[in-house]
Amino acid sequence: MAPSSKTQTSEKRLKLYRKLKEDGLCRSCRKPRGEDGNNTFCGRCRAVKLAAAAAVRKDKRARKECKDCSEPAALNSIYCEKHHKKAKQHMRLYYAKTVADPNRNLTPEKARERIETCRARIRKNEARIAELEEYLQGQEKM
C-alpha cells in the first residue's frame, strides 16, 4: 500500500526542516540564523512571528475567546472550561514539583552565593545577640 500524499508532504517538510537547521539557515527566509543555535528562525523572522502571535493573543482576549481553541472563555479566564481545567491541573503539578525540589534550578554559583548570604545573616544575628546579651547583663546589675 502506497503512503498517502499527506504523509509524503510531512516527510518532505521534516527533511527540509532538518537540512535548514543543520545548515544554520532560517526556516522562513533561508538566510543565516546568526549566533543563536537554539532557534530555527533568524532574529528578524522570529520578531515578526512573535509580533503576529502577540496580535492574535490580544485579539482573542478582546473577543473573550479561549487562548487555545477559540471557544468562549470562562468567566475571569483566558481559557474555556476544558482548557481552564487542564491549565489548573498543570499548575498544580508544577507547584508540587517546585515544593518537592526547591533547588531544581540551582547552579553551583547560585548555591555558593546563597551560602555566603546565609553566613552573612548569621554573623549579623550573632552580633545582634551579643549586643542584646550585654544589654541584659547591664539591666540585671541595676
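In what follows, every heavy atom counts, from backbone to side chain, and hydrogens, waters and symmetry copies are set aside.
- Annotation: side chain of R33 is not in contact with side chain of F41 (no heavy-atom distance under 4.5 Å).
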Starting from the C-alpha separation in whole Å, work towards a yes-or-no answer on side chain to side chain contact (heavy atoms under 4.5 Å, CB included) for K15 and K12.
CA-CA 5 Å; K15 241 180 177 178; K12 284 181 184 177; 5.6 Å; no

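- The closest donor-acceptor contact from the side chain of S77 to the backbone of A74 lies at 3.5 Å or more, if one exists at all.
- For the atom pair SG (C69) and NE2 (H83), the distance works out to 5.0 Å, reported to the nearest 0.5 Å.
- For K19, the salt bridge (charged side-chain N to carboxylate O under 4.0 Å, His left out) partners two or more places apart in sequence, or in a different chain, are D23.
- Using a 4.5 Å cut-off on side-chain heavy atoms (C-beta onward), C66 and P72 make no contact.
- Taking the side-chain hydrogen bond (donor to acceptor under 3.5 Å, both in side chains) definition, one finds that K60 meets it with S70, sequence neighbours left out.
- I78 pairs with exactly one of K67, K64, H84 by the side-chain contact (heavy atoms from CB on, under 4.5 Å) rule, that one being K67.
- Note that CD of E140 is 11.0 Å distant from OH of Y135, once rounded to the nearest 0.5 Å.
- Rounding to the nearest 0.5 Å gives a distance of 10.5 Å between CZ of R27 and CZ of R13.
- Taken to the nearest 0.5 Å, the CD atom of E11 stands 9.0 Å off from the OG1 atom of T9.
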Donor-acceptor contacts, no H, no angles, side chain residues 122-132, under 3.5 Å, sequence neighbours left out:
from : atom 1 : to   : atom 2 : distance (Å)
N125 : ND2    : R121 : O      : 3.3
R128 : NH1    : E131 : OE1    : 3.3

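- Counting non-hydrogen atoms of other residues, nucleotides and ligands closer than 6.0 Å to CZ of R61 gives a total of 12 or fewer.
- Residues C26 and R30 form no side-chain contact, since every pair of their non-hydrogen atoms from C-beta on lies 4.5 Å or further apart.
- Within a 6.0 Å sphere centred on CZ of R63, other residues, nucleotides and ligands contribute more than 12 heavy atoms.
- Applying the 6.0 Å contact sphere to CD of Q139 captures more than 12 heavy atoms from other residues, nucleotides or ligands.
- The distance from the CG atom of N39 to the SG atom of C45 is 11.5 Å, given to the nearest 0.5 Å.
- For the pair K85/K88, no side-chain contact is recorded, criterion being any heavy-atom separation below 4.5 Å from C-beta on.
- Note that CG of L25 and SG of C42 are 10.0 Å apart. Values are rounded to the nearest 0.5 Å.
- One finds no salt bridge joining E113 and K110 here, because no Lys/Arg side-chain nitrogen approaches an Asp/Glu carboxylate oxygen to under 4.0 Å.
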